[in-house]
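Read through the structure below, which is laid out as structure tokens, and then see the notes.
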Amino acid sequence: QVQLVETGGGLVQAGDSLRLSCAASGRTSSRTSMGWFRQAPGKEREFVAAISWGGGITLYADSVKGRFTISRDNAKSTVYLQMNTLKLEDTAVYYCAVANLATVTGLIRRYDYWGQGTQVTVSS
């Protein structure tokens with residue numbers, strides 16, 4: 001089993017920045033990609049960003065491209081999501097997840113482990 005704990009969420013104003021962290025523990029194996037997803041009230045969970053094991057490959061949803069940056073520190077078993085120029089529509093619960101894949105994907109069904117989520121609220 002892999003445990004994932006997200007931190008860093010909060011209440012911010014539109015245009016502000018926020019950095020989310022996701023720490024992995026347990027049976028973390030090598031060559032796994034990690035991703036961030038979000039779910040707004042009344043909506044389905046959607047892909048935000050993903051990063052390969054070595055960090056050399058990243059993938060972003062069009063809605064966050066140019067504003068969000070995903071990175072990882074394998075020595076700390078942690079993945080980050082730097083969110084800049086936040087918009088009202090970024091309000092959601094953000095989840096990190098692990099996929100036993102060497103590459104990246106935005107497909108929810110390819111992810112094996114999920115965190116409990118952290119709330120991000122953007123106000124005007």
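What you see is a predicted model, and the numbers here were worked out from it, not measured in a lab.
A pairwise comparison of heavy atoms in Ile70 and Thr58 identifies CG2-CG2, 3.8 Å as the closest pair. Nearest heavy-atom pair across Phe37 and Gly106 is CE2-O, 3.7 Å. Closest of all the heavy-atom pairs between Ala92 and Ala40 is CB-N, 3.8 Å.
Between Thr103 and Ser52 the shortest side-chain heavy-atom distance does not fall below 4.5 Å. Looking at heavy atoms from C-beta onward, Gln116 lies out of side-chain contact with Val5 at the 4.5 angstrom threshold. Between Val12 and Leu86 there is a side-chain heavy-atom pair separated by less than 4.5 Å. With a 4.5 Å cut-off on side-chain heavy atoms, Thr7 and Thr118 do not count as touching. Val48 is listed as a side-chain neighbour of Leu81, based on a closest heavy-atom distance under 4.5 Å. Side-chain contact check for Leu18 versus Gln82: every heavy-atom pair is 4.5 Å or farther apart. The closest side-chain heavy-atom distance from Thr105 to Leu59 is not below 4.5 Å.
One distance of note links CG of Leu101 with CE of Met34; it measures 12.5 Å at 0.5 Å rounding. How far OH of Tyr113 is from CD of Gln1: 5.0 Å, rounded to the nearest 0.5 Å. For the atom pair Ser124 OG and Leu88 CG, the distance stands at 5.5 Å (nearest 0.5 Å).
Checked against the 6.0 Å centroid threshold, Phe47 and Tyr60 do not count as a close aromatic pair.
Lys87 and Asp90 are not joined by a salt bridge, as no carboxylate oxygen comes within less than 4.0 angstrom of a charged side-chain nitrogen.
Taking the ring centre of Tyr95 as origin, the terminal cationic atom of Arg38 falls outside the region bounded by 6.0 Å and 45° from the ring axis. Both tests pass for Arg19 against the ring of Tyr80: distance under 6.0 Å to the centre and angle within 45° of the axis.
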Test side-chain contact (heavy atoms from CB on, under 4.5 Å) applied to Ser71 and Val79, step by step: CA-CA 6 Å; Ser71 61; Val79 64; over 6 Å; no

Apply side-chain contact (heavy atoms from CB on, under 4.5 Å) to Asn100 and Arg110, showing your working. CA-CA 8 Å; Asn100 288 315; Arg110 298 305 304 272; over 6 Å; no

If you apply the rule side-chain contact (heavy atoms from CB on, under 4.5 Å), what do you find for Arg72 with Thr78, and how did you get there? CA-CA 6 Å; Arg72 66 190 294 171; Thr78 300; over 6 Å; no

Using the side-chain contact (heavy atoms from CB on, under 4.5 Å) rule, take Arg45 and Trp114 through it: C-alpha gap first, then chi angles, then the decisive distance, then the call. CA-CA 12 Å; Arg45 191 170 299 189; Trp114 294 81; 3.3 Å; yes

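Residue-environment remark: NZ (Lys65) exceeds the threshold of 12 foreign heavy atoms within 6.0 Å.
Each of Ile51, Leu20, Val64 was checked for a side-chain contact (heavy atoms from CB on, under 4.5 Å) with Trp36, and the lone residue meeting it is Leu20.
The closest donor-acceptor contact from the side chain of Glu6 to the backbone of Gly117 lies under 3.5 Å. Judged by distance alone, with hydrogens and angles left aside, the side-chain atoms of Asn74 form no donor-acceptor pair with the main-chain N or O of Gly54 at under 3.5 Å.
Donor-acceptor pairing under 3.5 Å is recorded for the side chains of Ser17 and Asn84. With no hydrogens or angles considered, no side-chain donor-acceptor pair links Thr91 and Glu89 at under 3.5 Å.
Linking ILVMFWY side-chain heavy atoms closer than 4.5 Å, directly or via other members, places Val93 and Met83 in two distinct hydrophobic clusters.
The aromatic rings of Phe68 and Tyr94 lie tilted to each other, with the angle between the two planes from 30° to 60°.
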